[in-house]
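Order of the sequence lines fixes the chain letters, A, B, ..., with proteins taken first and strands second; residue numbering starts at 1 for each chain. Source: prediction; values computed, not measured.
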There are 2 protein chains.
Amino acid sequence: MTATIYDVAALAGVSIKSVSRVLNRGPNVSPKLQAKVLAAVETLDYRPNLSARSLAGASSYLIAAFVDAELTLEHWRSGRGNDYLSRLEYGALVECRKAGYHLMVELVDYGSPSLETWLLALLRSLKPDGVLLTPPNSDDPRVLDVLERNGTPFVRLGAEIDLDRGMRVFMDDRQAAADMTAHLIALGHRRIGFIAGPGSYAASRKRREGFEAAMARHGLEVDPGLVVEGDFTFDSGRRAGTAILGRPERPTAIFASNDDMALGVLNAAAALGVATPAALAVCGFDDTPSAMLSTPPLTTIRQPVAEMAAAATRLLLPPSAGQQGHAERVDYALIDRLSTRPPS
Amino acid sequence: MTATIYDVAALAGVSIKSVSRVLNRGPNVSPKLQAKVLAAVETLDYRPNLSARSLAGASSYLIAAFVDAELTLEHWRSGRGNDYLSRLEYGALVECRKAGYHLMVELVDYGSPSLETWLLALLRSLKPDGVLLTPPNSDDPRVLDVLERNGTPFVRLGAEIDLDRGMRVFMDDRQAAADMTAHLIALGHRRIGFIAGPGSYAASRKRREGFEAAMARHGLEVDPGLVVEGDFTFDSGRRAGTAILGRPERPTAIFASNDDMALGVLNAAAALGVATPAALAVCGFDDTPSAMLSTPPLTTIRQPVAEMAAAATRLLLPPSAGQQGHAERVDYALIDRLSTRPPS
DNA sequence: CTGAAAGCGCTAACAC
DNA sequence: GTGTTAGCGCTTTCAG
């Protein structure tokens, strides 16, 4: 009932191999033959069966995105959503679609002791043509090992270590944080509070470095009492904000390492009767959807997750497929909204 | 190099058919044989190849989620994120994983004139064991036609028309809106503003009906000047809020049909110097991540998207697979946060 | 209860 | 340029 390659070949009066060649842009196809095949494909509304292709050939037309199961489940359970994954998926999906590929998101248990075994089994059962690795797992040596051993091309998003392994797509977190800090300084702020992310995240460390570097470059001192470490959640931001605003000499601005924490600061300020942005400028990092929905809307760094995913996917797809060692930097943008203004 | 079913059979000293039977829980397997096979599978770290399974058998171990391409891309471009998709994926992914299935998200161009052709081709090339349909496309007759013609089981999320086609999972938007309205009334509110969603969405209409029904049941009049239609965006909520709050007799509460619009109302109130929740109670619908990150945090209805997706996925998976006509209702929850309190 | 053989629909060598 | 022929790794008849 469903048309197969044989039906197309029969209708076009050629061999199945010719049909295959036309469909796969193989060499040595006369225009006439191509036209006949294409016409037959059209009439029969034929589409090659993915499984058969994958089974017979080297390509599965499938890209897999490996996502940390625990982190992802925790995000979802807590109702915090998973904006990162959502954006990643858009970028990857759009590129896959253009090229006739499909995307499969796989939850990977990075905590499992049998991770390697499990991963290898997954790779063999799925045979993806390429794998997208998201942080913090872009830096997991076990994953890199398995992928390399299996010969599967992969792109690491925001990787920080072993930079010569696989392909990479990243943004400059350090410079972005420095830019944001410089932006506050240009506005006239001198006492600036900073809420860091967990030190276990490479991106957290980079952002903090950028903040400190920019302050130093402008000859400004970082008051240690104005730097607090949070864990990227709203609550930790609220607590950190409350602590910082409770100090005898208040800062005129607070830079939080991500948007959720910045929103927590906004909440803390409201609770303490500190007007934002009049009495306190607040800025974040990531440009999550909530950032533009807050009052006041948040000045932040737009992390181009979707673009990163799109670039990464293109690296995995032909014709650029699998350029070992290739690294690509994508640009961030400072989004200037209403939560930052000069100190009064 | 990669272990196949032959390797397992050889190691276990049985035929490949027996291995297949054990793996597929087929009938007539002696415990001894099963143990031998399982041991061999373990040692070889064997995992059946998905493509081969799909090609040979009736099952592809694949569930596809059809998502509106245009809507999704628009969400992405606007930076609004796509919380719905993210939650959907969570629910579906978790269930798929338990059952050894894989999830594939496909962007579908519902605006395309060749939609049917394209869909059919997709179904034939992927051969998914089931399809998850998201609104507003759960109600697209062309999609339902293709799916039915192709014999692919499908579940419609939040469908409103042709209720006898396929399987369905839904929540009671009308009752939820009525509950929220009753909640405001119980708090002491009498003049209540309402911001409706676009009339083209079935859910919008239901929510509005629920609001009106609850008001009527409590003998309260709906002031037409206090009901404005938005388009589910923050901006439309802000505009609607500004309009409502600009009226001579202000309401003491505003119920927005989704969270983004409710956040817009919060923003409008702040701009007009109207204190929330002291002078104005605000509530939303959906419980998006932003709802708990706002100041004040938003009272809202938690739409159990993940649970709906999980339930839908279970309906597609064995043993319950494809119970034509089956419909399942999932429960919402009224999340009472700080944006609503009695009128002062 | 278990095994042998026949494909599923395609790609890839290898001929012609 | 184009066609023939083997498989890819599994499930499914159909025998035993």
When you measure from the side chain of B:Asp109 to the backbone N and O of B:Gly111, does any donor-acceptor pair fall under 3.5 Å?
-> no
List in chain and number order the residues that pass salt bridge (charged side-chain N to carboxylate O under 4.0 Å, His left out) with B:Glu307, two or more places apart in sequence or in another chain; answer none if no residue qualifies.
-> none
May I ask you to verify if any side-chain N or O of B:Ser30 is less than 4.0 angstrom from the OP1 or OP2 atom of C:dC1?
-> no
Using five pairs at either end of the helix from C:dC1-D:dG16 to C:dC16-D:dG1, determine the angle between the two local helix axes and round it to 10 degrees.
-> 30°
Atom CG of A:Leu126 to atom P of D:dC8: distance rounded to whole Å?
-> 20 Å
Send over the distance from B:Lys127 NZ to C:dC8 P, rounded to a whole Å.
-> 12 Å
Could I get the full list of side-chain contact (heavy atoms from CB on, under 4.5 Å) partners for B:Val143, not counting sequence neighbours?
-> B:Tyr110, B:Leu115, B:Leu119, B:Leu133, B:Asp140, B:Leu147
Rounded to whole angstrom units, what separation is found between the CG atom of A:Leu50 and the P atom of C:dC8?
-> 19 Å
Scan residues 156-171 of chain A for pairs that pass salt bridge (Lys or Arg N to Asp or Glu O under 4.0 Å), counting only residues two or more places apart or in two chains.
-> A:Asp139-A:Arg156, A:Asp145-A:Arg165, A:Glu148-A:Arg165, A:Glu160-A:Lys206, A:Asp162-A:Arg165
Quick one: B:Leu55 CG to D:dC8 P, roughly how many Å, whole number?
-> 13 Å
Provide, to the nearest angstrom, the distance between the CZ atom belonging to B:Arg124 and the P atom belonging to C:dC8.
-> 17 Å
Test A:Leu88 against every option in A:Thr313, A:Leu157, A:Asp83 by the side chain to side chain contact (heavy atoms under 4.5 Å, CB included) rule and name the one that passes.
-> A:Leu157
Applying side-chain contact (heavy atoms from CB on, under 4.5 Å) to B:Leu38 and not counting sequence neighbours gives B:Val22, B:Gln34
Distance-minimising heavy-atom pair for B:Leu103 and A:Met104 = O-CG, 3.5 Å
Got more than 12 heavy atoms from elsewhere within 6.0 Å of CZ, B:Arg142?
-> yes
Hey, which of these two, A:Ser51 or B:Gly13, hits DNA chain C nearer its 5' end, going by closest nucleotide?
-> B:Gly13
Which letter, B, S or -, goes with each nucleotide of nucleotides 11-16 of chain D from 5' to 3', with contact meaning a protein heavy atom under 4.0 Å?
-> BB----
B:Asn49 atom CG is separated from C:dG9 atom P, nearest whole Å, by 17 Å
Residues B:Lys127, B:Asp129: salt bridge by 4.0 Å N-O rule | no
Look at the side-chain N and O atoms of B:Ser15 and state whether any lies under 4.0 Å from the OP1 or OP2 oxygen of C:dG3.
-> yes
